[in-house]
Amino acid sequence: NNKKGGDMYQVKCLFRTLCIVSLLALLTACTEKAPVYPDLEGNWKLERIETNATGNTESCNRLYWALQLGIIKLNDRGTNENPQIIGAYLYDEGAKTLTMSEMYIGKTVPTQQQLQAYGIPSVGTVFNVLQCDGDNMVLRCEEYTLYLRSF
(Lines give C-alpha, C1' and ligand atoms only; values in the text may rest on other atoms or scores of the structure.)
Protein backbone atom coordinates (compact mmCIF):
# COMPACT_ATOMS: atom_id res chain seq x y z
CA ASN A 1 0.00 0.00 0.00
CA ASN A 2 2.98 2.28 0.65
CA LYS A 3 4.14 1.88 -2.99
CA LYS A 4 0.66 2.81 -4.20
CA GLY A 5 0.78 6.06 -2.16
CA GLY A 6 4.19 6.89 -3.62
CA ASP A 7 2.90 6.34 -7.17
CA MET A 8 -0.05 8.68 -6.54
CA TYR A 9 2.32 11.33 -5.23
CA GLN A 10 4.44 11.07 -8.41
CA VAL A 11 1.34 11.33 -10.61
CA LYS A 12 0.19 14.43 -8.70
CA CYS A 13 3.65 16.02 -9.04
CA LEU A 14 3.76 15.22 -12.75
CA PHE A 15 0.25 16.63 -13.25
CA ARG A 16 1.14 19.79 -11.31
CA THR A 17 4.33 20.25 -13.36
CA LEU A 18 2.42 19.82 -16.64
CA CYS A 19 -0.16 22.37 -15.51
CA ILE A 20 2.52 24.91 -14.60
CA VAL A 21 4.42 24.40 -17.89
CA SER A 22 1.17 24.70 -19.87
CA LEU A 23 0.21 27.87 -18.02
CA LEU A 24 3.63 29.43 -18.63
CA ALA A 25 3.45 28.56 -22.34
CA LEU A 26 -0.02 30.10 -22.56
CA LEU A 27 1.06 33.28 -20.77
CA THR A 28 4.11 33.64 -23.01
CA ALA A 29 2.00 33.24 -26.12
CA CYS A 30 -0.49 35.83 -24.89
CA THR A 31 2.10 38.52 -24.12
CA GLU A 32 3.33 38.88 -27.70
CA LYS A 33 1.41 41.75 -29.20
CA ALA A 34 0.80 42.13 -32.89
CA PRO A 35 1.85 45.47 -34.35
CA VAL A 36 -0.88 48.07 -34.35
CA TYR A 37 0.61 49.67 -37.48
CA PRO A 38 2.48 46.90 -39.32
CA ASP A 39 3.92 49.19 -42.02
CA LEU A 40 5.34 51.59 -39.41
CA GLU A 41 6.35 49.32 -36.57
CA GLY A 42 9.61 47.43 -36.81
CA ASN A 43 13.31 48.07 -37.29
CA TRP A 44 14.49 50.87 -39.54
CA LYS A 45 17.93 51.95 -40.75
CA LEU A 46 18.29 55.71 -41.12
CA GLU A 47 19.85 55.98 -44.58
CA ARG A 48 20.16 59.75 -44.97
CA ILE A 49 19.07 63.09 -43.57
CA GLU A 50 18.27 65.94 -45.92
CA THR A 51 18.26 69.51 -44.59
CA ASN A 52 15.15 71.12 -46.07
CA ALA A 53 16.47 74.71 -46.07
CA THR A 54 19.67 73.93 -48.01
CA GLY A 55 18.96 70.63 -49.73
CA ASN A 56 22.21 69.22 -48.28
CA THR A 57 22.10 65.47 -47.70
CA GLU A 58 24.05 63.63 -45.02
CA SER A 59 24.50 59.85 -45.29
CA CYS A 60 24.10 58.03 -42.00
CA ASN A 61 26.52 55.43 -40.69
CA ARG A 62 24.51 52.62 -39.10
CA LEU A 63 21.92 54.65 -37.21
CA TYR A 64 18.81 52.64 -36.35
CA TRP A 65 15.27 53.34 -35.24
CA ALA A 66 13.06 50.67 -33.66
CA LEU A 67 9.35 51.50 -33.41
CA GLN A 68 6.87 49.30 -31.59
CA LEU A 69 3.64 49.92 -29.68
CA GLY A 70 4.35 53.59 -29.04
CA ILE A 71 7.98 53.11 -27.97
CA ILE A 72 10.97 54.27 -30.04
CA LYS A 73 14.55 53.16 -29.52
CA LEU A 74 17.41 54.91 -31.32
CA ASN A 75 20.79 53.16 -31.65
CA ASP A 76 24.16 54.04 -33.15
CA ARG A 77 25.80 50.82 -34.36
CA GLY A 78 28.39 52.59 -36.52
CA THR A 79 30.59 55.09 -34.76
CA ASN A 80 28.98 54.53 -31.35
CA GLU A 81 29.44 58.27 -30.76
CA ASN A 82 25.73 58.76 -30.15
CA PRO A 83 23.98 57.44 -27.04
CA GLN A 84 21.06 55.05 -27.15
CA ILE A 85 17.86 57.06 -26.79
CA ILE A 86 14.53 55.58 -25.74
CA GLY A 87 11.27 57.45 -25.93
CA ALA A 88 7.65 57.50 -26.90
CA TYR A 89 5.93 58.37 -30.13
CA LEU A 90 2.38 59.03 -31.23
CA TYR A 91 1.28 57.96 -34.68
CA ASP A 92 -1.83 59.49 -36.22
CA GLU A 93 -2.64 57.24 -39.16
CA GLY A 94 -5.41 59.51 -40.46
CA ALA A 95 -3.30 62.68 -40.41
CA LYS A 96 -0.17 60.72 -41.39
CA THR A 97 1.91 62.27 -38.62
CA LEU A 98 4.50 60.82 -36.25
CA THR A 99 5.18 62.86 -33.10
CA MET A 100 8.18 62.28 -30.83
CA SER A 101 6.56 62.88 -27.46
CA GLU A 102 9.26 61.89 -24.95
CA MET A 103 12.96 61.01 -25.17
CA TYR A 104 15.42 59.80 -22.55
CA ILE A 105 19.00 58.62 -22.16
CA GLY A 106 18.61 56.64 -18.98
CA LYS A 107 16.83 59.12 -16.73
CA THR A 108 18.03 62.31 -18.45
CA VAL A 109 16.59 64.17 -21.41
CA PRO A 110 18.90 64.16 -24.46
CA THR A 111 20.38 67.39 -25.74
CA GLN A 112 19.27 68.88 -29.04
CA GLN A 113 22.61 67.82 -30.57
CA GLN A 114 22.12 64.21 -29.44
CA LEU A 115 18.65 64.10 -31.00
CA GLN A 116 19.78 65.79 -34.23
CA ALA A 117 22.28 62.97 -34.84
CA TYR A 118 19.22 60.76 -35.42
CA GLY A 119 17.42 63.40 -37.52
CA ILE A 120 15.13 64.60 -34.73
CA PRO A 121 15.36 68.36 -34.13
CA SER A 122 13.80 68.24 -30.64
CA VAL A 123 11.40 66.40 -28.36
CA GLY A 124 7.89 67.14 -29.60
CA THR A 125 8.89 67.19 -33.27
CA VAL A 126 6.01 66.30 -35.57
CA PHE A 127 6.95 64.45 -38.75
CA ASN A 128 4.69 64.19 -41.76
CA VAL A 129 4.79 60.60 -43.00
CA LEU A 130 5.32 60.99 -46.76
CA GLN A 131 5.89 57.27 -47.39
CA CYS A 132 5.57 54.21 -45.20
CA ASP A 133 5.03 50.92 -46.98
CA GLY A 134 6.82 48.47 -44.70
CA ASP A 135 10.03 48.63 -46.79
CA ASN A 136 10.75 52.35 -47.01
CA MET A 137 9.76 55.30 -44.88
CA VAL A 138 10.15 59.00 -45.62
CA LEU A 139 9.50 61.47 -42.80
CA ARG A 140 9.52 65.26 -43.11
CA CYS A 141 9.47 67.92 -40.43
CA GLU A 142 10.21 71.63 -40.76
CA GLU A 143 13.99 71.11 -40.61
CA TYR A 144 14.68 67.67 -42.12
CA THR A 145 13.51 64.97 -44.46
CA LEU A 146 14.54 61.50 -43.26
CA TYR A 147 14.92 58.43 -45.47
CA LEU A 148 14.70 55.08 -43.68
CA ARG A 149 14.82 51.50 -44.91
CA SER A 150 13.32 48.51 -43.14
CA PHE A 151 15.67 45.67 -42.20
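You'll find the side chain of Val138 stays beyond 4.5 Å of the side chain of Phe127, heavy atoms only. At least one side-chain heavy atom of Pro121 sits under 4.5 Å from a side-chain heavy atom of Cys141. Between Thr125 and Leu98, the closest side-chain pair of non-hydrogen atoms is not below 4.5 Å. Lys45 is listed as a side-chain neighbour of Glu47, based on a closest heavy-atom distance under 4.5 Å. Using a 4.5 Å heavy-atom cutoff, the side chains of Met103 and Val109 are not in contact. The shortest distance between side-chain heavy atoms of Leu139 and Leu148 falls below 4.5 Å.
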Quiz: residues 56-63 side-chain donor-acceptor pairs under 3.5 angstrom, not counting sequence neighbours:
{"residue": "Asn56", "atom": "ND2", "partner": "Thr54", "partner atom": "OG1", "Å": "3.4"}
{"residue": "Arg62", "atom": "NH1", "partner": "Arg77", "partner atom": "O", "Å": "3.0"}

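Between Ala66 and Asn43, the shortest heavy-atom distance links the atoms CB-OD1, 3.4 Å. The shortest heavy-atom contact between Cys132 and Asp39 is SG-O, 3.2 Å. The two residues Asn136 and Asp133 make their nearest non-hydrogen contact at N-OD1, 2.8 Å. Nearest heavy atom pair, residue Gln116 against residue Ile49, reads O-CD1, 4.2 Å.
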Q. Could you go step by step and tell me if Asn52 and Thr145 meet the side chain to side chain donor-acceptor pair (under 3.5 Å) rule?
A. CA-CA 7 Å; Asn52 295 335; Thr145 301; 2.7 Å; yes
Q: Assess whether side chain to side chain contact (heavy atoms under 4.5 Å, CB included) is satisfied between Glu41 and Leu69, documenting all intermediate values.
A: CA-CA 7 Å; Glu41 294 182 15; Leu69 300 171; 4.1 Å; yes
Q: Using the side chain to side chain contact (heavy atoms under 4.5 Å, CB included) rule, take Leu67 and Met137 through it: C-alpha gap first, then chi angles, then the decisive distance, then the call.
A: CA-CA 12 Å; Leu67 300 163; Met137 182 163 51; 4.0 Å; yes
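Remark: Thr97 engages Asp92, Ala95, Val126, Asn128 in a side-chain contact (heavy atoms from CB on, under 4.5 Å) (not counting sequence neighbours). Applying the side-chain hydrogen bond (donor to acceptor under 3.5 Å, both in side chains) rule to Asp76 yields the partners Thr79, Asn82; only residues at least two apart in sequence or on another chain are considered.
Sorted by first then second residue, the side chain to side chain donor-acceptor pair (under 3.5 Å) pairs that include residues 105-114, not counting sequence neighbours, are Thr111-Gln114. Among residues at least two apart or in separate chains, ring-ring contact (aromatic ring centres under 6.0 Å, His included) pairs with a member in residues 87-124 are Tyr37-Tyr91.
Cluster membership for Ile105 and Leu46, using ILVMFWY side-chain heavy atoms within less than 4.5 angstrom, is shared. Cluster annotation: Tyr144 is not connected to Tyr147 through the hydrophobic network of ILVMFWY side chains, with a link wherever side-chain heavy atoms come within less than 4.5 Å. By the rule that hydrophobic residues join a cluster once side-chain heavy atoms approach within less than 4.5 Å of another member, Val36 and Ile72 end up as members of one cluster. Note on Ile85: it clusters hydrophobically with Val123, by side-chain heavy-atom contacts below 4.5 Å among ILVMFWY residues.
Separating the CD atom in Gln131 from the NZ atom in Lys96 is a distance of 10.5 Å, to the nearest 0.5 Å.
The hydrophobic cluster around Phe151 extends to Tyr64, counting ILVMFWY residues whose side-chain heavy atoms fall within less than 4.5 Å of a member.
Under the 4.0 Å criterion applied to side-chain N and carboxylate O atoms, Glu50 and Arg48 are not assigned as salt-bridge partners.
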